[in-house]
Each structure stands twice: as C-alpha cells, then as structure tokens.
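Note sheet for the following structure.
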Amino acid sequence: MKIKQFFLGVVALSVLPVVAIQVEAAQPPLKEVKAAKGHVSTANTFNRLLEKSKARNLPPAEDGIHDPDNDNTHVLQPPKIAYDGLPTTPFGNYVDWVKALDTDLLQPRYDRFDATIEPLIMDLDIVREVKSTVPDVVFPHKPHTQWLHCSNCHPKIFIPQRKANVMNMSGILLGQQCGVCHGKVAFPVTTQSCTKCHSKPKPADWKPPQSETSLKEPWR
Amino acid sequence: MYKSALIGLLSMLAVMVLPQAAHAEYADVVMNNYSDAAGMRPVVFPHWYHRIRFRCKVCHADLGFKFKAGGNKITMAKIIDGQFCGACHNGEISWSVENCGMCHSGIAGTPTQIHGSTVQRLVAPTYKKLGNNKK
C-alpha cells in the first residue's frame, strides 16, 4: 500500500518535474497540490517563472556551486556562523552591511596591513528627481565612502557633478550606473529594496506627467 | 496516505533538484577562464567573507581588481608574483597558495559568474545570458 503510494509520487514526479520543483521550492503550498488534483491542467500553476531559493545562507557544501567532493569545501566557513548577531535585511546576503558598520559590529580594514587607518568619509547626499510616481532617489555619499574609494566611482562610472549623469532603471538592472554594484555585491534590486534608493517622498502637490496622446484623444 | 506519497516525492526531489539548483551566497564569484581547461576545479571567491575583513577599497582601489567577474584574467603566475589574490594569500595576511582546494573549490563546468545577481534573477533577460561572459 505505502509502496504503491511512493510509486505514485515517483511517477507523478517524473512526468511533471518542473511543476514538482516549484511545489518543493515553496514550503507551505501542500494545500495547493491537493487542489490541483481536480481537472486543472498542471501547466496552469502559480508563480510559473519564479525560481525561488529554498534556504538562506547555505553552507558551502550544499550551495550547488562548491564541490562537496573537494575536502577543502568542508573547511570553508558557513555564512550563518559568521553573520551571527549582525543586523539583517530581507535580501542579498540578508545582512545589513551599513548598519553593521555604524554599530561597530564589523570593522573591516581600510588598508591591507594597517587596521588603524580611518576611511576618508564624505557626507553629501545627492537627490535625483524621478519622472515617475516612485519616491525620488537619494544617493548618500556617506555609506559609499565608508566602503569604497572616490576613484571606484569617479570618473569612470559617474562624472562628479550633480545631474551630469544619465541614469534609469533599465540601465541599473543591466548592471550599469548604480547597477555596477547593486545587484552584484551591494544590496540587490528587488521589491523590498526599492525604497532604499527611492527614499525621498514626492512633494504633496506632485502629480505624475500625463501621456500626451491620451490627453489629445480622451477615451469616452 | 498523502504523506507517504509525499515522502517519496520529496526524497526523489532531493536527488533530482540538488545538483542542478545553485543557492550559493549572494555575490560569490566563480572564476573559470582557465581552470576547467587546466583540469582544476573553478575558483570560488566569497565576497561576504572578505568584506567582513576588508573594505571594497582595499581590493578594488589599492589592488586594482576591476569590477567584472573574470575580467581581471587572474592566473597562478600573477598570484605567486604577489598580484591579485597573491597580495594576501602569501602566508602573511592569510594562508598561502599551496592550499589549492581552498580557492579551487567549485563544481567543474560552472561558468564564470557572479552568483545571485539581479540579472540572473530576471525572468527574461533581453541580453546575453550570464555565464557566457568569459571573453
């Protein structure tokens, strides 16, 4: 009896590997599996295209990139141990790196040898007004100069002059402008992180620009 | 009743899914310009581990690492000459190069990439897939 059911599972699986992977990826939807046994085609699933990661901060031997057959892989440090006690975020490494510095929970060296050299910090916020309903972008020099050197951004990525640089989301998502770092090493671009950059609310009287064509030919 | 089928399902999945799906730490860099071809495992560089100890400035300004996975064309010759990883993995700031497997720890055949990046997570990138970016 049980064996038969096991078999059923296996058969269902080999027929529908893609669907099954998604079922496994999200932990709770056992109920959705049940609901789908009616006449709904298994092609019609929820969240069809999202490859959701199952676990956070996996140890190297289980992360799918490190080779578990390599003895040294098991000597590498699992991130979770190192992150213990650090402030968290819901994305990226799940660590709030800026807060960790500000609270002195981390003190990474600014110089390869000398741990006492202080970084050259500049506290200058640059506001970029955005042609969209999302809040305006504030670029803060402070957290950036805590980690980076001026020459990491100026002049190759950004000309050091307000408004001298063209920026937009498509470029950022493709890894240009802010996207050189954000989405690679610094916090990624994801629904929960939009307001980290888009942090200055629009003035109360602000209205989105309207499309000319619809103004000229309004729909009935 | 449902449970036992599910256990079967899950155990099969464990076997089927694990080797394919990578869930490495955000910003882990895989470098494989030469490793596969030389019969070595690809190199995995953990940003998270290094940024706990060093600011970006140390590597990306002082040591001249360019912001591009695979773009620095690092080789063992440069490393034992004290460049790139060799500026620290020299037995003084950190352990020395004879620990091949500490760096060469990736699964063979993994392409050069920066893992978990936003571009890798887009449903339909309108450009070259990551992983083909070795030049």
Side-chain angles (χ1 to χ4, degrees), chain A residues 2 5-10 12-13 17 20-21 24 30 34 49-51 53-55 57-58 60 62-67 70-73 75-77 79 82 92-93 95 97 106 108-113 119 146-149 151-152 173-175 179-185 188-190, chain B residues 1-2 4-10 12-13 16-28 30 41 44 46-58 60-63 67 69 87-88 93 99-102 104-108 110 114-119 121-124 127:
Chain A
K2 284 205 167 166
Q5 280 155 2
F6 172 88
F7 246 88
L8 261 170
V10 171
L13 192 93
I21 284 164
E24 212 252 352
L30 289 183
K34 251 185 200 164
L49 295 170
L50 185 79
E51 209 184 288
S53 62
K54 279 170 289 185
N57 312 123
L58 289 173
E62 292 163 31
D63 69 6
I65 291 262
H66 288 88
D67 189 349
N70 169 28
D71 291 339
N72 284 277
T73 296
V75 182
L76 297 174
Q77 189 176 40
N93 298 112
V95 169
W97 295 105
L106 289 182
R109 287 187 189 177
Y110 189 68
D111 181 86
R112 185 156 42 117
F113 303 104
Q146 278 178 333
W147 287 101
L148 295 145
H149 192 257
S151 68
N152 285 130
L173 288 165
L174 287 166
V180 169
C181 299
H182 291 280
K184 306 283 189 49
V185 176
V189 183
T190 165
Chain B
M1 163 168 177
Y2 230 72
S4 48
L6 223 115
I7 291 168
L9 230 137
L10 288 181
M12 269 293 286
L13 271 168
M16 284 184 54
V17 177
L18 285 182
Q20 308 162 358
H23 302 288
E25 190 60 16
Y26 179 69
D28 273 7
V30 179
R41 292 185 173 91
V44 183
H47 259 109
W48 67 271
Y49 187 91
H50 288 86
R51 74 180 291 185
I52 285 175
R53 290 162 178 77
F54 301 99
R55 317 233 175 187
C56 328
K57 176 255 186 195
V58 172
H60 290 292
D62 299 352
L63 296 176
F67 287 137
C88 301
I93 295 179
N99 299 290
C100 318
M102 291 294 280
H104 292 275
S105 60
I107 294 171
T110 311
I114 178 141
H115 185 77
S117 63
T118 298
V119 260
R121 293 154 37 112
L122 296 180
V123 164
Y127 37 86

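Model, not experiment: these values are computed from the prediction. Every chain is numbered from 1, with letters handed out A, B, ... down the list of sequences.
For a residue to count as touching a neighbouring chain, one of its non-hydrogen atoms must lie under 4.5 Å from one of that chain's; by this rule A:Val180 touches chain B with the side chain only. Only the side chain of A:Pro119 comes within contact range of chain B, judged by heavy atoms closer than 4.5 Å. In this structure, chain A has a heavy atom under 4.5 Å from the side chain of B:Ile93, while its backbone stays farther away. With a 4.5 angstrom heavy-atom cutoff, A:Leu148 touches chain B via backbone and side-chain atoms both. The part of A:Leu106 that comes within reach of chain B is its side chain, from C-beta onward, which places non-hydrogen atoms under 4.5 angstrom from that chain. At a 4.5 Å heavy-atom cutoff, the contact between B:His47 and chain A is made by side-chain atoms alone. The parts of B:Phe54 that come within reach of chain A are both its backbone and its side chain, each placing non-hydrogen atoms under 4.5 angstrom from that chain.
By the side-chain contact (heavy atoms from CB on, under 4.5 Å) test, B:Ala61 is found to be paired with A:His149, A:Ser151, A:Asn152, B:Lys57, residues two or more places apart in sequence or in another chain being considered. Residues that satisfy the ring-ring contact (aromatic ring centres under 6.0 Å, His included) test with B:His104, not counting sequence neighbours, are absent from this structure.
The only member of A:Thr190, A:Val189, A:Leu173 that meets side chain to side chain contact (heavy atoms under 4.5 Å, CB included) when paired with B:Arg121 is A:Thr190.
The choice from B:Thr110, B:Leu63, B:Asp62, B:Asp28 that makes the most heavy-atom pairs within less than 4.5 Å of chain A is B:Leu63. For the options A:Asn72, A:Asp71, A:Leu58, heavy-atom pairs under 4.5 Å to chain B are most numerous at A:Asn72. No other option in B:Pro46, B:Ala108, B:Ser105 has as many heavy-atom pairs under 4.5 Å with chain A as B:Ser105.
At distances below 3.5 Å, at least one donor-acceptor pair connects side-chain atoms of B:Arg55 with backbone N or O atoms of A:Gln146. In terms of modelled atom types and a separation under 3.5 Å, the side chain of B:Tyr26 and the main chain of A:Gly183 share a donor-acceptor contact.
Contact between B:Val58 and A:Arg109 at its shortest, heavy atoms only, is CG2-O, 3.5 Å. Taking each heavy atom of B:Trp48 and A:Trp97 in turn, the nearest pair found is O-CH2, 4.0 Å. Of all non-hydrogen atoms in A:Pro108 and B:Arg51, the two that sit nearest each other are CB-O, 3.5 Å.
In this structure, A:Asp63 and B:Glu25 have side chains that are not in contact, with every pair of non-hydrogen atoms separated by 4.5 Å or more.
In this structure, the separation between OG1 on A:Thr73 and CD1 on B:Ile107 is 8.5 Å, given to the nearest 0.5 Å. A:Ile65 contributes atom CD1, which lies 5.0 Å from atom NE2 of B:His115 (distance to the nearest 0.5 angstrom). Rounding to the nearest 0.5 angstrom, the gap separating the CG atom in A:Asn70 from the CE atom in B:Met102 is 9.5 Å.
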